[in-house]
Amino acid sequence: MIELQIDGKTVQVTEGSVVIQAAEQAGTFIPHFCYHKKLSIAANCRMCLVDIEKAPKPMPACATPVTQGMVVHTKSDRAIKAQKSVMEFLLINHPLDCPICDQGGECQLQDLAVGYGGSASRYEEEKRVVFHKDVGPLISMEEMSRCIHCTRCVRFGQEIAGSMELGMSHRGEHSEIEAFVGETVDSELSGNMIDICPVGALTSKPFRYQARTWELSRRKSISPHDATGANLIVQVKNNRVMRVVPLENEEVNECWIADRDRYSYEALNSDERLTQPMLKQDGQWITVDWSTALEYVANGLNQIKTDHTASALACLASPHSTLEELYLASQFMRGLGSDNIDSRLRAADFQHDGKARWLGTSIASLSTLDRVLIIGSNIRKDQPLLAQRIRQAVRRGAKVHALNEQRFDWAMPLAEVSLADSAVWVQALADIAAAVAQHKNTAAPAPGNASSAVAQAIATSLLSGERKAVLLGNAAAHHEKASSLLALANFIAEHTGASVGYLGEAANTVGAQLVSAQPLHGGLNAAHMLQSSSLKAMLLLNTEPALDCAASSNRLAGMDMVVTMSPFKTNLDISDVLLPVSPFTETAGTFVNTEGRVQSFHGVVKPLGETRPAWKVLRVLGSMMKLPGFSFDTVEEVRALALPNDMASHLSNHTRANVDLSPAQHAPVTASIYQLDALVRRAPALQHTSDAQPGHHHG
């Protein structure tokens, strides 16, 4: 530890820290623009100049390492004069368009200009003009004259997103931040550049001119998309979601969110919202009140149960639903006497040991790994924030290995890639397991080619290093022989000292397993439900079978009753009843992320129209049908019933399934980045990105 003095206060910091970090620790604010705690140091705005004793001139606090006994003055005359001079330079060319600037009210330059800017400018020459650029549907670069060249956006692209999509061209007063000629900014994390821009040069295209920051109320929430469970601040005006930005949580998403977390809110205000219950009569949809719709459902289900027994009833529940909704859906089906409920909509292998499949380690630990083997995943597009963590590990020297069908661009260097058709992934993984077994002088779990060069290289690498993980992606989870892949992954992890786990597809993949939203006593799984001719009634909770399920949904149209519970007008061709239920912003609920972290949230706006939270709809249906266990009043009561007391005992990836080396018949079904769930599919800005275009290579 190094001891120094800042404004008369003694501070102890670790060796290698810079003055601005020591000042933060001491609670002393030093004005700055280009410094950001998650980015490398550029020292190009000079706003953080401070007065250091024995230094011949003011020094930049962000680029000056601390030394033992250093004495720093941040508010001396010399420091203040230096900071005011820098501010004068920064404002020379800055346009005076604060009244129409979207950043007004949350602009670092505006805030600091109040404290360090002059009341009049000495500059009388013409101001420079920088022409706007079009870099895609998410980021607006309409007012690049505001740019102060802090290069935060450039460094974010290089260091966090992994691809340098913005850079600085020309020199001196002709310098400009721009994309490569004619290119757009296509990173799945690009919206974070808007957050870190300290002026209004980069703004949000969908939010532009929609509201002033001081008109917005800020409410905490959790992302309903992938299994990271990113913490969000949802900004609301007049009961309408206007913008979504990150809520910093160092353990989960740090200070970043993926673009689908940021922009999917557009779907909440779309014309496709279902706002009243609807019934289909003689092929025509008519609007009805809630009591009519619920009576129709209750009577229909009772009639089908009487005529065909409870085994003719089934439920497909999306893993993007809340824990409470999934719990009540499973209680509802089991109360009726049916075990036909499943949330593993894209799976092809349903073998299970009753334990929830999870990451096997903490999300934060991914940033410090030394060795990683990723199986069947396009992690960059499937779990952008987890990919970002692993990218940071690679920057520190980690080696990443992959087993995939094709070579994806993960915006990070990969050490060894085993390319194999998904039909023979089990054999390819068995080769790696055999190579590990050879090194450890133990029996391999299945016949494999231990002398394969790629298998040897991956095995040797995994046996070195300290912190290691074997991670199975969405394609591995949805694989026909998923249990064989998991068994081999377990063997490799066990003999190399690595953790093993699934990256996790949906916001509540782990939660759905915890509340048993899957067959427990011989009920039909998701694939069998869609192929069964014995089913007569289907309840679809936040599910669009044509888009969410791996199996064909053609049989649904022939059922006696299909009930869709969704925030959107969907499944019109197969449904008999549409019940408008709340999206995540209009209900309280809980998501359990891939590391098993339980995160609850409240609704941030009132339900739209006649929309009702799905847990309340299920409670009323359960009560109408006189099912046991549906007499509660609050979502907290449901949560208390749903969550197991001992979470740890319910989380496990340990499986010793027999390894089947025969080739798989079908390729795994995985959703691309902007087709994952009902919200992203209806967000116009996301659907206009290059990642969403037909024929765009998923990755």
Side-chain angles (χ1 to χ4, degrees), residues 33 36-39 101-111 135-141 143 146 150 152-153 155-157 160-161 185 187-226 228-269 384-385 388 507 583-586 591 593 599 601-605 674 679-680 683-686 689:
F33 294 114
H36 189 282
K37 63 183 178 183
K38 294 286 181 185
L39 303 176
C101 178
D102 251 24
Q103 198 92 344
E106 51 187 9
C107 171
Q108 272 179 268
L109 184 67
Q110 200 176 50
D111 292 344
V135 291
L138 305 181
I139 298 177
S140 170
M141 294 179 77
E143 284 93 10
R146 298 172 184 160
C150 69
R152 277 184 179 183
C153 55
R155 285 174 286 146
F156 173 85
I160 307 298
V185 174
S187 165
E188 61 289 340
L189 297 170
S190 65
N192 294 295
M193 294 180 184
I194 297 164
D195 292 337
I196 60 176
C197 179
V199 295
L202 304 181
T203 52
S204 166
K205 253 192 191 168
F207 175 68
R208 200 172 153 75
Y209 299 142
Q210 296 296 304
R212 284 305 201 172
T213 180
W214 52 84
E215 299 174 312
L216 302 171
S217 50
R218 290 158 175 75
R219 291 155 193 181
K220 296 177 184 177
S221 194
I222 304 295
S223 165
H225 305 300
D226 65 38
T228 310
N231 290 206
L232 310 176
I233 292 178
V234 182
Q235 301 186 344
V236 175
K237 177 186 176 185
N238 297 338
N239 204 48
R240 185 180 167 106
V241 175
M242 304 301 288
R243 183 166 65 164
V244 175
V245 294
L247 172 63
E248 188 168 342
N249 184 332
E250 203 56 36
E251 297 298 308
V252 181
N253 55 304
E254 299 172 84
C255 54
W256 317 120
I257 53 174
D259 287 350
R260 64 179 165 209
D261 304 329
R262 184 182 302 272
Y263 294 107
S264 66
Y265 74 86
E266 284 189 292
L268 302 168
N269 309 319
L385 292 168
Q388 184 275 127
F584 80 109
T585 48
E586 297 170 23
F591 292 137
N593 75 358
Q599 299 188 107
F601 54 91
H602 295 289
V604 297
V605 290
Y674 299 135
L679 284 173
V680 293
L686 294 177
T689 60

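This chain uses plain numbering: 1 for the first residue, then up along the sequence.
Counting only distance, with no hydrogens or angles, the side chain of Thr228 and the backbone of Ala230 share no donor-acceptor pair below 3.5 Å. Between the side chain of Tyr263 and the backbone N or O of Pro206, no donor-acceptor pair lies under 3.5 Å.
Once rounded to the nearest 0.5 Å, the distance linking CZ of Arg155 with NE2 of His36 reads 9.0 Å. Between Leu138 atom CG and Thr203 atom OG1 the span is 12.0 Å, to the nearest 0.5 Å. Rounding to the nearest 0.5 Å gives a distance of 7.5 Å between CG of Leu385 and CG of Asn192.
Annotation: side chain of Ile257 is not in contact with side chain of Ser223 (no heavy-atom distance under 4.5 Å). Between Cys150 and Gln108 the shortest side-chain heavy-atom distance does not fall below 4.5 Å. Taking 4.5 Å as the limit, some side-chain heavy atom of Cys101 sits within range of a side-chain heavy atom of Arg146. For the pair Val244 and Gln235, the minimum side-chain heavy-atom distance is 4.5 Å or more. Side-chain contact between Ile160 and Leu39 is present, with heavy atoms from C-beta onward closer than 4.5 Å. Taking 4.5 Å as the limit, some side-chain heavy atom of Asp259 sits within range of a side-chain heavy atom of Tyr674. Taking the side chain as every heavy atom from C-beta outward, Val199 and Gln103 never approach each other to under 4.5 Å. Residues Val605 and Arg240 are not in side-chain contact: their nearest non-hydrogen atoms beyond the backbone lie 4.5 Å or more apart.
In this structure, the side chain to side chain donor-acceptor pair (under 3.5 Å) partners of Glu215, at least two apart in sequence or on a different chain, are Lys237. By the ring-ring contact (aromatic ring centres under 6.0 Å, His included) test, Phe156 is found to be paired with Trp256, residues two or more places apart in sequence or in another chain being considered. The side chain to side chain contact (heavy atoms under 4.5 Å, CB included) test applied to Lys220 returns Leu247, not counting sequence neighbours. In this structure Gln599 satisfies the side chain to side chain contact (heavy atoms under 4.5 Å, CB included) test together with Ile222, Asn231, Asn249, Val252, Asn593, Arg597, sequence neighbours excluded. Partners of Arg260 according to the salt bridge (charged side-chain N to carboxylate O under 4.0 Å, His left out) rule, which considers only residues two or more places apart in sequence or in another chain, are Asp226. Every residue meeting the ring-ring contact (aromatic ring centres under 6.0 Å, His included) condition with Phe591, not counting sequence neighbours, appears here in chain and number order: Phe601. In this view, Arg212 satisfies the side chain to side chain donor-acceptor pair (under 3.5 Å) rule with no residue, not counting sequence neighbours. Annotation: salt bridge (charged side-chain N to carboxylate O under 4.0 Å, His left out) contacts of Glu248 (sequence neighbours excluded): Lys37. Arg219 is linked by a side chain to side chain contact (heavy atoms under 4.5 Å, CB included) to Ser217, Val236, Val604, counting only residues two or more places apart in sequence or in another chain. Among residues two or more places apart in sequence or in another chain, the side chain to side chain contact (heavy atoms under 4.5 Å, CB included) test is passed with Pro137 by His688, Thr689.
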* To do: List the steps and the verdict of side chain to side chain donor-acceptor pair (under 3.5 Å) for Thr213 and Arg218.
  => CA-CA 10 Å; Thr213 180; Arg218 290 158 175 75; 2.6 Å; yes
* Begin with the C-alpha distance, continue with both residues' side-chain angles, and end with the deciding distance and a verdict on side-chain contact (heavy atoms from CB on, under 4.5 Å) for Leu232 and Phe584. => CA-CA 12 Å; Leu232 310 176; Phe584 80 109; 4.3 Å; yes
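Considering every non-hydrogen atom in both Ser221 and Val234, the closest pair reads CB-CG2, 3.7 Å. Closest of all the heavy-atom pairs between Ala161 and Leu189 is CA-CD1, 4.1 Å. Closest non-hydrogen pair, Gly136 versus Lys205, comes out as O-NZ, 2.8 Å. Nearest heavy-atom pair, Cys255 versus Lys38, reported as atom, atom and distance to 0.1 Å: SG-CG, 3.9 Å. Of all non-hydrogen atoms in Ser190 and Ile139, the two that sit nearest each other are O-CD1, 3.5 Å. The shortest non-hydrogen separation linking Arg208 to Ser140 is NH1-OG, 3.4 Å.
Listed by first then second residue, pairs satisfying ring pair (Phe, Tyr, Trp, His ring centres under 6.0 Å) with a partner in residues 204-223 number zero, not counting sequence neighbours. Each salt bridge (Lys or Arg N to Asp or Glu O under 4.0 Å) pair with one or both residues in residues 187-203, not counting sequence neighbours, appears once here: Glu188-Arg380, Glu188-Lys381, Asp195-Arg262.
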